[in-house]
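Whatever order the structure lists ligands and atoms in, that order sets their numbers, starting from 1. Throughout, residue positions are numbered sequentially from 1 according to the sequence presented. Bear in mind that the values here come from a model prediction, so they are computed numbers and not experimental data.
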Amino acid sequence: MGTLRVILGDQLAFDLSALADLDRAQDTVLMMEVLQECSYVRHHKQKIVLVLSAMRHFAHALRERGVAVDYVALDAPGNTGTLSAELQRALARHAPQRVVATEPGEWRVRAAMDTWGALGGTPVEIRPDERYFASRDRFAAWAHGRRSWRMEHFYREMRREHGILMDAGEPAGGQWNYDADNRKRLPARTLVPARRRFAPDATTRELMALVEQRFPDHFGTLEDFGWPVTREDARIALDDFIAHALPRFGDYQDAMAAGAPFLFHSLLAPALNLGLLAPREVCAAAEAAWRAGAAPLNAVEGFVRQVLGWREYVRGVYWTCMPGYAERNALGATRPLPAFYWTGDTDMRCLREAIGSTARYAYAHHIERLMVTGNFALLAGVAPREIERWYLAVYADAYEWVEMPNTLGMAVFADGGQMASKPYAASGAYIDRMSDFCSGCAYDVKQKTGPRACPFNYLYWAFLIRQKDRLSGNPRMAMPYRALAAWPRERQADTLAEADAFLAALPSWT
Ligand SMILES: Cc1cc2nc3c(=O)[nH]c(=O)nc-3n(C[C@H](O)[C@H](O)[C@H](O)COP(=O)(O)OP(=O)(O)OC[C@H]3O[C@@H](n4cnc5c(N)ncnc54)[C@H](O)[C@@H]3O)c2cc1C
Ligand code: SF4
């Protein structure tokens with residue numbers, strides 16, 4: 001046999017570097033479903049079904065193209081449960097001249113791959129993953145020698161370098177950033193478009209039964225599974241987003257609404273992260289909509305900023321800072337994760353809504369992740385690793401390379417400012433401004449203290465008081481610290497006591 005080409009579960013792209021010089025007559029593609037990848041955190045049931053179903057469909061599509069695929073199913077006899085041991089068994093089956101793979105998305109898997117060369121003496125070639133705009137070296141070159149990294153600077157270079165939303169060397173419309181137009185609250189009775197969802201086919205249904213049987217105690221439900229599992233369906237999802245949601249994506253990017261978890265978001269991260277869609281085609285489709293007059297620039301620039309800017313930036317941060325990044329805890333947070341993150345059982349409506357849609361759809365949009373579940377973990381001082389493992393488990397799009405910097409860097413400021421210039425800490429007033437959650441909550445967002453006061457209010461001030469030594473020198477935190485300076489000592493002590501009493505009463509999971 002010629003070459004054994006390994007394709008991992010989130011590498012489902014026909015133009016993957018590991019397939020570049022494929023010889024259909026001699027080569028075999030190896031795909032492996034292994035228990036370790038399904039269970040190293042308690043992944044949402046939908047996430048396991050999504051990845052395995054997309055893998056099975058991709059294997060089928062490769063075979064239809066005349067490619068030999070050796071596919072190891074999760075319940076195949078003799079499946080050892082790890083990628084390395086399955087590769088070793090495949091080496092014995094095929095005796096290839098060499099193994100070719102594409103670099104994985106996660107440090108943990110890369111460390112395992114680096115041992116593959118020693119498995120039996122077969123040469124192993126690991127190629128760069130070319131699906132991104134910026135290679136790991138490109139990001140490292142950008143980051144080298146900079147005192148602080150800011151996404152905005154990186155994003156502008158990417159816009160220039162890839163000619164996206166550029167006219168004659170200048171940003172389209174004359175501005176790089178239209179964020180100021182993109183912070184609107186959703187007016188009451190706004191019609192939100194119905195989103196294209198995909199009914200599970202026979203392959204997906206078979207996996208749903210398998211997952212219920214093998215992973216019954218994993219988080220989330222399967223009833224509302226509607227993710228695209230093929231390239232064709234992912235293209236339909238992209239077209240649906242561009243036609244129906246993109247035009248108002250910018251306006252309501254930061255808005256939240258009870259019972260409307262998707263709003264105008266793309267829902268494309270699961271397909272992008274699996275490889276069913278390429279970031280280049282997604283940005284091109286959005287830009288084409290603007291050039292055709294079908295979507296305004298604030299929406300299209302806002303969307304491109306997420307994909308070309310944030311997505312590439314967090315990948316760069318991950319690979320440049322790992323493995324130490326995983327251990328960062330700049331604010332010294334140690335609290336165990338409150339149990340309601342897994343059960344949704346809390347009187348705080350904003351958290352109930354965000355966690356409820358997470359359980360039902362394996363989805364919550366960015367602002368719910370950042371300003372509701374993330375903000376609470378930050379203010380409560382939840383240990384970064386505990387909240388980070390939660391985010392990795394519960395979302396259909398969660399892979400460590402993108403989830404970890406978002407959690408440690410953006411949500412809980414555990415990296416001390418490498419990713420974000422200040423903590424995204426907010427009181428209930430922010431949630432009230434950007435959502436309709438507070439009107440139906442057991443707590444009163446206007447009250448600052450007392451049994452009915454919104455917990456985000458006293459937790460926010462208690463956080464600032466506790467973190468004064470670490471944060472008061474940050475110029476972007478000057479305003480709240482000026483306000484705090486006017487508080488009498490007793491008021492600060494009472495706020496700390498109220499926050500402590502609330503947190504002490506929260507059951508934790510562990
Ligand atoms: C604590 C926390 C954890 C997160 N974990 C993940 C994760 O595991 N996987 C993941 O893909 N995203 C993660 N994000 C980023 C973002 O929330 C999701 O990409 C987004 O909500 C996915 O929904 P969507 O496809 O509808 O995105 P949209 O709002 O439609 O955005 C468009 C696309 O831009 C990209 N994008 C947007 N924001 C970011 C960002 N901050 N970082 C990277 N890419 C971004 C995504 O590919 C997304 O599909 C996390 C954010 C936070 C605050
Ligand atoms: S009152 Fe506070 S806890 Fe309740 S929904 Fe509003 S912000 Fe959340």
Side-chain angles (χ1 to χ4, degrees), residues 10 47 105 151 195 227 237-238 241 245-246 249-250 252-254 256 258 261-274 277 279 282-283 286 299 302-315 317-318 346-354 361-378 387-388 390-412 419-420 424 426-447 452-460:
D10 59 353
K47 182 179 171 190
M151 195 288 290
R195 305 309 291 279
W227 298 107
L238 171 60
F241 164 66
L246 176 65
F249 173 88
Y252 304 119
Q253 201 178 339
D254 287 4
M256 299 176 278
F262 305 148
L263 291 178
F264 301 95
H265 291 273
S266 71
L267 317 183
L268 294 176
L272 276 166
N273 295 351
L274 283 170
L277 289 175
V282 163
C283 289
F303 180 74
V304 164
R305 166 183 299 271
Q306 307 310 312
V307 179
L308 174 66
W310 280 111
R311 188 170 185 270
E312 298 285 328
Y313 180 72
V314 301
R315 178 171 182 265
V317 170
Y318 178 80
T346 166
D347 288 338
M348 291 176 278
R349 190 179 183 209
C350 50
L351 282 156
R352 214 168 53 234
E353 286 282 336
Y361 299 110
Y363 182 84
H365 69 67
H366 186 68
I367 295 301
E368 290 181 329
R369 298 187 203 193
L370 185 62
M371 300 309 295
V372 179
T373 46
N375 186 24
F376 187 89
L378 171 72
I387 185 68
E388 189 273 313
W390 182 80
Y391 281 111
L392 185 61
V394 301
Y395 291 112
D397 54 41
Y399 298 88
E400 195 176 273
W401 65 266
V402 52
E403 173 275 330
M404 186 182 278
N406 269 298
T407 305
L408 298 189
M410 212 188 262
V412 298
M419 274 269 296
Y424 284 88
S427 69
Y430 174 87
I431 296 173
D432 191 31
R433 190 162 66 246
M434 296 312 299
S435 78
D436 59 359
F437 295 152
C438 301
S439 57
C441 184
Y443 295 102
D444 181 352
V445 72
K446 301 279 186 261
Q447 291 189 34
R452 284 208 61 232
C454 166
F456 280 90
N457 290 341
Y458 47 76
L459 288 176
Y460 172 74

| Could an N or O of ligand 1 be found under 3.5 Å from any N or O of D397, whether backbone or side chain? | yes

| Contacting atoms of ligand 2, where contact means under 4.0 angstrom from a heavy atom of V445 | 1 (S)

| field | Nearest-option assignment for atom 19 (O) of ligand 1, heavy atoms, candidates S266, P279, A269 | value | A269

| Where the closest heavy atom to atom 39 (C) of ligand 1 is concerned, which of F249, W310, Y391 has it? | W310

| query | Quick one: do D436 and R349 make a salt bridge, cutoff under 4.0 Å? | reply | no

| request: Would you check whether F303 reaches within less than 4.0 Å of ligand 1, judged by its heavy atoms? | output: yes

| request: Report the nearest protein non-hydrogen atom to atom 41 (N) of ligand 1: residue, atom name, distance rounded to 0.1 Å. | output: N406 OD1, 2.9 Å

| said: Hydrogens and angles aside, do S427 and Y458 bring a side-chain donor and acceptor to less than 3.5 Å of each other? | reply: no

| note | To atom 34 (O) of ligand 1, the nearest of E403, E388, Q306 on a heavy-atom basis is Q306

| said: What I'd like to find out is whether the side chain of Y313 reaches to under 4.5 Å of the side chain of V317, using heavy atoms alone. | reply: yes

| said: Salt bridge check, D432 against K446: does any charged N sit closer than 4.0 Å to a carboxylate O? | reply: yes

| N, O or S from C350 under 2.8 Å to atom 8 (Fe) of ligand 2 | yes

| Ring centers of F249, H265 separated by less than 6.0 Å | yes

| Subset of ligand 2 atoms that lie under 4.0 Å from at least one heavy atom of C454 | 1 (S), 2 (Fe), 3 (S), 7 (S)

| field | Short N/O/S contact of C438 with atom 6 (Fe) of ligand 2 (below 2.8 Å) | value | yes

| Is the shortest N/O to N/O distance between L268 and ligand 1 below 3.5 Å? | yes

| message | Can you confirm, on distance only, whether ligand 1 has an N/O atom lying under 3.5 Å from any N/O atom belonging to L267? | response | yes

| field | atom 29 (O) of ligand 1: the protein heavy-atom neighbour that sits closest, reported with distance to 0.1 Å | value | H265 ND1, 2.7 Å

| said: What I want to check is whether the side chains of R311 and N273 have a donor and an acceptor closer together than 3.5 Å. | reply: yes

| task | State if F262 counts as touching ligand 1 under the rule of any non-hydrogen atom under 4.0 Å. | result | no

| field | Identity and separation of the nearest protein heavy atom to atom 13 (C) of ligand 1 | value | R369 NH1, 3.5 Å

| field | Heavy-atom nearest neighbour in the protein, as seen from atom 33 (C) of ligand 1, with distance rounded to 0.1 Å | value | V307 CG2, 3.7 Å

| message | Quick check on the 6.0 Å ring-centre criterion: do F262 and Y363 meet it? | response | yes

| task | Using a 4.0 Å heavy-atom threshold (strictly under), name the region of N273 that reaches ligand 1: side chain, backbone, both or neither. | result | side chain

| Are E400 and Y318 linked by a side-chain donor-acceptor pair shorter than 3.5 Å? | yes

| query | Is N406 close to H366 at the side-chain level, that is, under 4.5 Å between some pair of heavy atoms? | reply | yes

| task | Among all protein heavy atoms, pick the one closest to atom 17 (O) of ligand 1 and tell me residue, atom and distance. | result | H366 ND1, 2.9 Å

| task | Please report which non-hydrogen protein atom sits nearest to atom 4 (Fe) of ligand 2, along with the residue it belongs to and the distance in Å to one decimal place. | result | C441 SG, 2.3 Å

| From E368, M371, M256, residue fulfilling side-chain contact (heavy atoms from CB on, under 4.5 Å) relative to S435 | M256

| Which is closest to atom 23 (O) of ligand 1 by heavy-atom distance: Y363, F264, Y399? | Y363

| task | Would you mind reporting whether F437 and R352 have side-chain heavy atoms less than 4.5 Å apart? | result | no

